[in-house]
Novice: 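Please find one structure pasted underneath; my questions will follow.
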Amino acid sequence: MKNAAFNLDKNTTKSSSWIKKKQTQPLKSPLSLLLILSLFLFIFLFISFFKITPNSLFSKTITNNPLISQCSKFQTLALGEKFLWYAPHSGFSNQLSEFKNGILMAGILNRTLIVPPVLDHHAVALGSCPKFRVLGPKEIRVSVWDHVLDLVKTGRYISMADIIDISSLVPSSIKAIDFRVFASLWCNVNMDFTCSNDLNAQSSLFDSLNLCGSILSGIHGNVDKCLYAVDEDCRTTVWTYKNGDEDRVLDSFQPDEQLKKKKKISYVRRRQDVYKSLGPGSEAGSATVLAFGSLFTAPYKGSELHIDIHEARRDQRIQSLIDNSEFLPFVPEILNAGKKFALETIKAPFLCAQLRLLDGQFKNHWKATFQGLKQKLEVLKQSGSKPIHIFVMTDLPQGNWTGSFLGDMASEVNHFKLYFLREEDELVKKTAKNLAVAGHGLRFGSALRGLNGESKMKMNCPHQRLPDILLYIEKSVCSCASLGFVGTAGSTIADSIELMRKFDVCSKS
């Protein structure tokens, strides 16, 4: 239909100019008049058949385009705010790392950060940046949007700000808005859409959310002054900020020649200043919504995979933001639950052992995982009283401990007393209920709340499940382990526990 409209316009334009030329001369015969009348009749019938008016020949692509229409409504509701969205992925620790990068980017670009939900573990995967094999920004944004709808549909939605306490940064350092509040404005739907039990493929709400999700993902392209979808990813770009280097210089890490030939890769990685590329004065800078793909980064071969902004000495505001967001604690409900378990259940100095045995690469390194624990226990045996109290944090179900070092420890009751948490434990369920009631995430964006007819969002959805928070409470327990911590080498969970212990969150909770 689009092609028909555009072709019709070209034919109409040519016909009009031809008619004008003919009108400067007297008509030479009735046959000429008949031809002209026939042409007008053909155009009239064509337009009537396809329900097109001369003023709307381009309506499908410009004036009545749903992209333009929806963006116009959103910009009216947004009250001049400019937003930043990104696509989280992988496990919780990686999502938290991206969240910190989102905070940094929002601060640099002076945009309101859209706080995402916590995604299911590895529900969305990026791929391998070192191997230059990743989901493109558009694809990963679509995957995240689809998964968010699934979280809503199944009553499992929980905001990152329901879990992570960002009250020290918002609004003093950055502005933030909960994704649910933003989505209700962006999609022009009621604030309580996350409580809908009618979110199925046949519902009009589902259609509306699908449409606005495809727009936000950038699969239809950018929308002038409304949406700018960033196409750069870790294959092409390392984002920097005021580092003194020339902009767009080659990064030190590039795909090697063998990889280029094998995978037919043509990527060239450049270092770009994010403020110069996407800030005020740029095409992206004028857009109401700036949508990144993945914001994951990590050191690799002397470079960073995607974001190389570790300090900003030339900008004290951003330097302060970097310092203050190095560690973001869990919300008080989670920290207090961990401390409560340590004080009221363990009731003694204890060691925390984080043993990742089943996921990814770790399932092939049981011996190495247990080796560090064995060495630590030998030291404690010689210097302390028995039994040694140990909080065990592992993905290996207790029924499968037999034949492993965990099983050996469990059987040596005179030497070791083991503790662990399960999802069905009362402490875990009670904390999950407290989090659902607290609704920390929905506190962000309150200035925009109520603009489309709702004063507040419902918190206790009829079909909402309790959030899965076992991992977070386990981490909090480990932060209180006075006899030390033994973690799995290479595990991001172990790294985050070490950071919690470094900042002594147990004594502060």
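A quick note: this is a predicted structure, and the numbers were derived from the prediction, not measured.
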Novice: Ignoring hydrogens and geometry beyond distance, is a side-chain donor-acceptor pair present between Q272 and T240 at under 3.5 Å?
Specialist: no

Novice: Indicate the atoms forming the closest heavy-atom contact of A123 with H147, along with that distance.
Specialist: CB-CE1, 3.4 Å

Novice: Please give me the minimum heavy-atom distance between M500 and S476, naming the atom from each residue.
Specialist: CE-CA, 3.9 Å

Novice: W186 vs F182 aromatic rings, parallel, tilted or perpendicular, using cut-offs 30° and 60°?
Specialist: parallel

Novice: Could you tell me whether a side-chain N or O of D165 sits under 3.5 Å from a main-chain N or O of F330, the two making a donor and an acceptor?
Specialist: no

Novice: For F83, run the side chain to side chain contact (heavy atoms under 4.5 Å, CB included) check against I114, L227, L113, L290 and tell me which one passes.
Specialist: I114

Novice: Give the C-alpha distance, both sets of side-chain angles, the deciding distance and a yes or no for side-chain contact (heavy atoms from CB on, under 4.5 Å) between I318 and K242.
Specialist: CA-CA 11 Å; I318 300 303; K242 291 189 176 181; over 6 Å; no

Novice: Going through the checks in order, is the side-chain contact (heavy atoms from CB on, under 4.5 Å) test met by V331 and D162?
Specialist: CA-CA 7 Å; V331 292; D162 289 329; over 6 Å; no

Novice: State plainly whether the residues E326 and K502 are in salt-bridge range, i.e. N to O under 4.0 Å.
Specialist: yes

Novice: Apply salt bridge (Lys or Arg N to Asp or Glu O under 4.0 Å) to the pair R156 and D120, showing each step before the final yes or no.
Specialist: CA-CA 9 Å; R156 294 180 295 115; D120 290 341; 2.5 Å; yes

Novice: Is it the case that D315 and Q319 place a side-chain donor and acceptor less than 3.5 Å from each other?
Specialist: no

Novice: Hydrogens and angles aside, do E232 and H306 bring a side-chain donor and acceptor to less than 3.5 Å of each other?
Specialist: no

Novice: Ignoring hydrogens and geometry, is there a side-chain-to-backbone donor-acceptor pair from R180 to P117 under 3.5 Å?
Specialist: no

Novice: Could you tell me if the side chain of D468 sits less than 4.5 Å from the side chain of L470, heavy atoms only?
Specialist: yes

Novice: For D251 and R271, indicate whether the former's side chain and the latter's backbone hold a donor-acceptor pair under 3.5 Å.
Specialist: no

Novice: Is T488 reaching over with its side chain to a backbone N or O of R356, donor-acceptor style, under 3.5 angstrom?
Specialist: yes

Novice: Would you check, one step at a time, whether the test ring pair (Phe, Tyr, Trp, His ring centres under 6.0 Å) holds for Y86 with F292?
Specialist: CA-CA 5 Å; Y86 69 94; F292 279 96; 8.3 Å; no

Novice: Nearest 0.5 Å please: distance from the CD1 atom of I322 over to the CD1 atom of I103.
Specialist: 12.0 Å

Novice: Between K475 and I493, is any pair of side-chain heavy atoms under 4.5 Å apart?
Specialist: yes

Novice: What are the two closest heavy atoms between L209 and C187, and how far apart are they?
Specialist: CD2-SG, 3.8 Å

Novice: side-chain contact (heavy atoms from CB on, under 4.5 Å) for E81 and K175? Distances and angles first, verdict last.
Specialist: CA-CA 10 Å; E81 287 287 318; K175 293 178 289 184; 3.4 Å; yes

Novice: With distance as the sole test, does S303 use its side chain to make a donor-acceptor pair with the main-chain N or O of Y300 at under 3.5 Å?
Specialist: no

Novice: Under 3.5 Å, is there a donor-acceptor pair between the S507 and D504 side chains?
Specialist: yes

Novice: Is any side-chain heavy atom of L119 closer than 4.5 Å to a side-chain heavy atom of Q95?
Specialist: yes

Novice: Donor-acceptor pair, distance only, cut-off 3.5 Å: does the side chain of D308 make one with the backbone of E304?
Specialist: no

Novice: Looking at G487, is its backbone amide N or carbonyl O close enough to the side chain of S491 to form a donor-acceptor pair, meaning the two atoms are under 3.5 Å apart?
Specialist: no

Novice: Is it the case that E333 and T431 place a side-chain donor and acceptor less than 3.5 Å from each other?
Specialist: no

Novice: Checking side-chain hydrogen bond (donor to acceptor under 3.5 Å, both in side chains) for the pair T112/K82: CA distance, chi angles, key distance, verdict?
Specialist: CA-CA 6 Å; T112 298; K82 289 191 174 182; over 6 Å; no

Novice: Could you state the interatomic distance from SG (C71) to CD1 (I215), rounded to the nearest 0.5 Å?
Specialist: 6.0 Å

Novice: Where is the tightest heavy-atom contact between M409 and L377, given as atom of each residue plus distance?
Specialist: SD-CD1, 3.5 Å

Novice: For W401 and F420, run ring pair (Phe, Tyr, Trp, His ring centres under 6.0 Å): C-alpha distance rounded to whole Å, both residues' side-chain angles, the deciding distance at 0.1 Å, then the answer.
Specialist: CA-CA 13 Å; W401 286 11; F420 50 89; 5.7 Å; yes

Novice: Is the NZ atom of K340 crowded by more than 12 outside heavy atoms at less than 6.0 Å?
Specialist: no

Novice: Determine the minimum heavy-atom distance between P137 and D233, stating which atoms define it.
Specialist: CD-OD2, 3.6 Å

Novice: Begin from the C-alpha positions of F253 and F132 and carry the test ring pair (Phe, Tyr, Trp, His ring centres under 6.0 Å) through to its verdict.
Specialist: CA-CA 11 Å; F253 174 60; F132 291 77; 5.7 Å; yes

Novice: Check whether more than 12 heavy atoms from other residues, nucleotides or ligands sit under 6.0 Å from atom NZ of K417, and answer yes or no.
Specialist: no

Novice: Run the ring pair (Phe, Tyr, Trp, His ring centres under 6.0 Å) check on F350 and F485 step by step: do they pass?
Specialist: CA-CA 9 Å; F350 68 98; F485 169 68; over 10 Å; no

Novice: Kindly give the heavy-atom pair with the smallest separation between L396 and S404, and that separation in Å.
Specialist: CD2-OG, 4.4 Å

Novice: Enter the distance from R501:CZ to C478:SG here, rounded to the nearest 0.5 Å.
Specialist: 8.0 Å

Novice: If the test is side chain to side chain contact (heavy atoms under 4.5 Å, CB included), which one of L421, L471, V477 qualifies with M393?
Specialist: L471

Novice: Do side-chain atoms of W145 reach the backbone of C212 as a donor and acceptor pair under 3.5 angstrom?
Specialist: no

Novice: Using only heavy-atom distances, determine whether the side chains of S159 and H440 contain a donor-acceptor pair under 3.5 Å.
Specialist: no

Novice: Measure from the side-chain N and O atoms of R235 to the backbone N and O of P130, and report whether any donor-acceptor pair falls under 3.5 Å.
Specialist: no

Novice: Under 3.5 Å, is there a donor-acceptor pair between the N324 and S320 side chains?
Specialist: yes

Novice: CD1 of I158 to CE of M160: how many Å apart, nearest 0.5 Å?
Specialist: 10.0 Å

Novice: Which value, rounded to the nearest 0.5 Å, describes the distance between L77 atom CG and N188 atom CG?
Specialist: 6.0 Å

Novice: Could you check whether F391 and Y419 have their ring centres less than 6.0 Å apart?
Specialist: no

Novice: Any donor-acceptor pair under 3.5 Å linking the side chain of E98 with the backbone of H89?
Specialist: yes

Novice: Show your working on side-chain contact (heavy atoms from CB on, under 4.5 Å) between R141 and K138 and close with a plain yes or no.
Specialist: CA-CA 5 Å; R141 286 190 291 258; K138 290 184 178 67; 3.7 Å; yes

Novice: Examine the side chains of S282 and K276 and answer whether a donor and an acceptor come within less than 3.5 Å of each other.
Specialist: no

Novice: How many angstroms lie between CG in L499 and OG1 in T492, if you round to the nearest 0.5 Å?
Specialist: 12.0 Å

